[in-house]
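Here's the structure, in structure tokens; my notes come after.
What you see is a predicted model; the values in this text were computed from it and never measured. Just the heavy atoms: all of them, side chains too, but no hydrogens, waters or symmetry mates, feed the values below.
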Amino acid sequence: MEERRAARRYKLALQIEIRLDYDLREFERIFGRTRDISTYGFYFRSAQALSVGMKIRFSIMPPWEGGTHAFISGRARVARVEEVSESSVDHVGVGAVIEAYKFGQTE
């Protein structure tokens, strides 16, 4: 099978926080774990099902030691949803296309 992705994917298992974005109002937080990330998108697993086409806001915070923490946040669109296991924990796999992102840091 030929690889069709435009950017290299990096296998990174990081905590991700998702907020659903409806008419510029943010709703409940969904937590999950990334499987891989590229400059164009990411794949993560979560306990909550999402729908293809949904607009989401995301924040990925790598584990850091020390006082300053870097993070990546932005907007994305759900491109793929699949059931990956029958367990109630992180049973949904979601592929998202990044529409905008920024790097930041906290002290």
Side-chain angles (χ1 to χ4, degrees):
M1 182 181 228
E2 180 183 336
E3 179 66 43
R4 299 181 320 195
R5 287 177 170 59
R8 180 174 178 199
R9 289 182 293 166
Y10 297 92
K11 293 191 180 301
L12 294 170
L14 301 171
Q15 292 288 354
I16 186 169
E17 178 182 310
I18 300 292
R19 292 183 183 199
L20 305 181
D21 197 2
Y22 294 112
D23 298 323
L24 303 177
R25 293 178 298 167
E26 291 184 12
F27 287 87
E28 75 177 274
R29 294 177 183 173
I30 300 168
F31 296 95
R33 194 161 211 45
T34 63
R35 182 186 72 185
D36 57 61
I37 301 172
S38 78
T39 54
Y40 294 116
F42 54 90
Y43 183 93
F44 70 97
R45 290 180 67 168
S46 174
Q48 182 162 339
L50 301 175
S51 299
V52 172
M54 281 182 129
K55 301 282 188 173
I56 59 175
R57 295 186 182 270
F58 68 90
S59 182
I60 299 170
M61 188 174 290
W64 300 102
E65 292 186 24
T68 302
H69 300 278
F71 63 89
I72 304 164
S73 64
R75 294 186 324 270
R77 177 182 42 80
V78 174
R80 179 177 58 151
V81 177
E82 58 191 7
E83 184 136 350
V84 292
S85 78
E86 293 182 14
S87 77
S88 61
V89 178
D90 294 347
H91 69 282
V92 178
V94 178
V97 176
I98 296 173
E99 295 180 339
Y101 69 92
K102 66 179 179 178
F103 290 94
Q105 68 181 32
T106 61
E107 305 256 345

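With hydrogens and angles ignored, the 3.5 Å screen pairs a side-chain donor or acceptor of Ser46 with a backbone N or O of Gln48. For Ser51 (side chain) and Met54 (main-chain N/O), no donor-acceptor pair under 3.5 Å exists by modelled atom type. In this structure, Ser59 contributes its side chain and Ser73 its backbone to no donor-acceptor pair below 3.5 Å.
Applying side chain to side chain contact (heavy atoms under 4.5 Å, CB included) to Ile16 and the options Ile72, Ile30, Ile60 leaves one that passes, Ile60. For the side chain to side chain donor-acceptor pair (under 3.5 Å) with Tyr43, the qualifying choice from Glu82, Arg9, Lys11 is Glu82, the only one to do so.
Side-chain heavy atoms closer than 4.5 Å link hydrophobic residues (I, L, V, M, F, W, Y) into clusters, and following such links, even through other members, never connects Leu12 to Phe31.
Considering only heavy atoms from C-beta on, Val97 stays 4.5 Å or farther from Val78 through its side chain. Between Val92 and Phe44, every side-chain heavy-atom pair lies at or beyond the 4.5 Å cut-off. Taking 4.5 Å as the limit, every side-chain heavy atom of Arg45 sits out of range of all side-chain heavy atoms of Arg33.
Under the side chain to side chain contact (heavy atoms under 4.5 Å, CB included) criterion, Ile98 pairs with Phe42, Phe58, Tyr101, sequence neighbours left out. Listed by chain and residue number, Ala7 satisfy the side chain to side chain contact (heavy atoms under 4.5 Å, CB included) test with Thr39 (two or more places apart in sequence, or in another chain).
Between Ile56 and Ala96, the shortest heavy-atom contact is CD1-CB, 4.3 Å. The nearest pair of heavy atoms linking Met61 to Phe71 is CE-CB, 4.2 Å.
Taking CZ from Arg75 and CZ from Arg57, the interatomic distance works out to 6.0 Å, rounded to the nearest 0.5 Å.
Taking a cutoff of 4.0 Å between a charged side-chain nitrogen and a carboxylate oxygen, Lys55 and Glu99 qualify as a salt bridge.
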